[in-house]
Enquirer: 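Starting off with a structure, shown below.
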Amino acid sequence: MAPGWEKIKKGSDMYKVLMTDNIAKEALDVFVDYPDIDAVAVGTLREDELARILPEYAAVIVRSPTKLTKDLIDAGKALKFIGRAGVGVDNIDVEAASARGITVMNSPGGNTVSTAEHAIAMLMALARRIPQADRSVRAQRWERGQLKGVELNGKTLGVVGLGRVGREVVRRMLAFSMRVIAVDPFVAGETAEELGVRLVDMDTLLGESDFITIHVPLGSDTEALISDAELSRMRDGVFLVNCARGGVVDEAAVARALESGRLGGVALDVYQKEPPGAHPLLSHERSVFTPHLGAATKEAQVRVAVDVARNVADALSKGRIRDAVNAPKG
Ligand code: MLT
């Protein structure tokens, strides 16, 4: 047992773990191997409900619907660990957690392939105008002439961010005979070469790509990474896909670029505000939208739930920390 960690009593000497947001049930099975942990799974709770029960728990695991604000984190008087079933921790006030000495852990690998596959599905939906064609047939129109698409074969794909998801996208799109170029200041030339990608600077990527797909987290250096200036440097008719984080792409600028014809189409899975409400972009015909579904597959949801449950269980029970995203005080 890690010294100094107080057990949260529940009749016997047990740590209590709360899992919210209807996490995949396989996560509960993980705790069978940890007799000193009592885990419960619930749906998404209202903020006041969560604040009321949180003081009992040593760890809480959330997906994206629960926003762990500073107030909630402060309400969790006994919290030692926060687990995020997924990658992005933008729904957790990590700074507030660090200040309270709480370690935040995520599950970075489990939804990589699902997110990559979703980005590719969006790219193909754009290229072949699948949602528009579907709407047309349902409306008993037969608009074969108006719904002509473009091939991916031989086109240039610009990948912004060669992290886990970006790399899986690259591997798959090379099989479509696309020429792939990428921007990533943290990746070495040899790594890119091994992947079959040419590393370029942002200006080259914007100027040479027929399709651009974004795979970077949202941070101060990536906020509005694609805005008016970047859009103005793209070729006419470029297709843009964002399945990473809303805010990396400036939606108002994208709407202007669709209207001017600079963008041939846009596919978004993530938005500056989620859900986006009645955003003017949504009425644009040359666009495809999904409600943050990148990681929403059966397989990915089980993987991220099991991974984060194991991370939290090992941290509580054995003092073994994995996939921490902060350096908590004290
Ligand atoms: C992630 O950050 O893991 C994905 O965007 C999915 C999600 O937010 O649930």
Side-chain angles (χ1 to χ4, degrees), residues 1-45 49-68 70 72-89 91-112 164 295 299-330:
M1 193 66 49
W5 290 2
E6 279 169 44
K7 284 198 171 187
I8 311 305
K9 301 253 185 191
K10 190 232 159 207
S12 60
D13 206 17
M14 303 271 274
Y15 293 117
K16 286 187 75 181
V17 173
L18 176 69
M19 300 194 282
T20 67
D21 297 329
N22 295 310
I23 204 152
K25 64 175 174 23
E26 285 79 356
L28 269 181
D29 301 339
V30 167
F31 293 98
V32 171
D33 298 335
Y34 299 82
D36 56 342
I37 298 179
D38 177 49
V40 293
V42 295
T44 300
L45 301 178
E49 290 171 330
L50 189 54
R52 188 167 44 77
I53 63 168
L54 213 47
E56 294 173 43
Y57 291 93
V60 59
I61 296 178
V62 298
R63 290 174 55 204
S64 52
T66 295
K67 312 293 171 220
L68 284 179
K70 179 176 184 318
L72 274 175
I73 289 170
D74 287 343
K77 297 282 177 237
L79 276 184
K80 287 290 170 204
F81 298 102
I82 294 174
R84 163 72 162 98
V87 184
V89 288
N91 57 324
I92 299 167
D93 189 333
V94 177
E95 213 176 296
S98 299
R100 285 267 329 277
I102 298 167
T103 303
V104 180
M105 293 175 282
N106 66 355
S107 42
N111 58 28
T112 302
R164 287 187 177 84
E299 295 86 350
Q301 286 310 310
V302 171
R303 264 188 240 118
V304 294
V306 167
D307 288 354
V308 77
R310 205 166 286 289
N311 282 353
V312 165
D314 278 349
L316 271 176
S317 190
K318 301 177 182 159
R320 206 176 286 155
I321 310 283
R322 275 190 308 271
D323 301 325
V325 302
N326 66 339
K329 286 202 181 117

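The analysis underlying the following values was restricted to heavy atoms, covering all of them including side chains, and did not include hydrogens, waters or symmetry mates.
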Enquirer: One thing to verify: whether K70 and D74 come together as a salt bridge, which I'm taking to mean a side-chain N less than 4.0 angstrom from a carboxylate O.
Expert: yes
Enquirer: Any side-chain heavy atom of D38 sitting closer than 4.5 Å to one from Y15?
Expert: no
Enquirer: How long is the straight-line distance from CG of L316 back to NZ of K80, given to the nearest 0.5 Å?
Expert: 10.5 Å
Enquirer: Can you name the closest pair of heavy atoms from T112 and P108 and give their distance?
Expert: OG1-O, 3.7 Å
Enquirer: Looking at every non-hydrogen atom in both residues, tell me the closest pair between A27 and A309 and how far apart they are.
Expert: O-CB, 3.8 Å
Enquirer: Let me confirm one number: the CD1-CE distance from I61 to M105, rounded to the nearest 0.5 Å.
Expert: 8.0 Å
Enquirer: Check whether more than 12 heavy atoms from other residues, nucleotides or ligands sit under 6.0 Å from atom CD of E49, and answer yes or no.
Expert: yes
Enquirer: Working to the nearest 0.5 Å, report the span between CG of L50 and OH of Y57.
Expert: 9.5 Å
Enquirer: Using modelled atom types and a 3.5 Å cut-off, is there a donor and acceptor pairing between side-chain atoms of S98 and backbone atoms of V94?
Expert: yes
Enquirer: Once rounded to the nearest 0.5 Å, what's the spacing between atom CE of M19 and atom CZ of F31?
Expert: 5.0 Å
Enquirer: Do we see a donor-acceptor contact under 3.5 Å between the side chains of N106 and D323?
Expert: no
Enquirer: Taking T20 as the fixed residue, which of L68, V42, L54 is the one that meets the side-chain contact (heavy atoms from CB on, under 4.5 Å) rule?
Expert: V42
Enquirer: Determine whether more than 12 heavy atoms belonging to other residues, nucleotides or ligands lie under 6.0 Å from atom NZ of K67.
Expert: yes
Enquirer: Under 3.5 Å, which donor-acceptor pairs do the side chains of residues 300-307 form with other protein atoms, sequence neighbours left out?
Expert:
residue : atom : partner : partner atom : Å
Q301    : OE1  : R63     : NE           : 3.2
Q301    : NE2  : A295    : O            : 2.9
R303    : NH1  : G110    : O            : 2.7

Enquirer: Identify which one of I82, I73, L72, V104 satisfies the side-chain contact (heavy atoms from CB on, under 4.5 Å) criterion when paired with D93.
Expert: I73
Enquirer: What are the two closest non-hydrogen atoms of S317 and D36, and how far apart are they?
Expert: OG-OD2, 2.9 Å
Enquirer: When rounded to the nearest 0.5 angstrom, what distance separates OG in S107 from CZ in R310?
Expert: 13.0 Å
Enquirer: Could you go through the side chain to side chain contact (heavy atoms under 4.5 Å, CB included) check for I53 and L45 one step at a time?
Expert: CA-CA 10 Å; I53 63 168; L45 301 178; 3.7 Å; yes
Enquirer: State the OH-CG distance between Y34 and D314, to the nearest 0.5 angstrom.
Expert: 3.5 Å
Enquirer: Run the side chain to side chain donor-acceptor pair (under 3.5 Å) test on N91 and S64 for me, step by step, so that the C-alpha distance in whole Å, both residues' side-chain angles and the decisive distance to 0.1 Å come before the verdict.
Expert: CA-CA 6 Å; N91 57 324; S64 52; 5.7 Å; no
Enquirer: For a 4.5 angstrom cut-off between non-hydrogen side-chain atoms, does T103 reach N326?
Expert: yes
Enquirer: Without swapping roles, check the side chain of R100 against the backbone of P328 for a donor-acceptor pair under 3.5 Å.
Expert: no
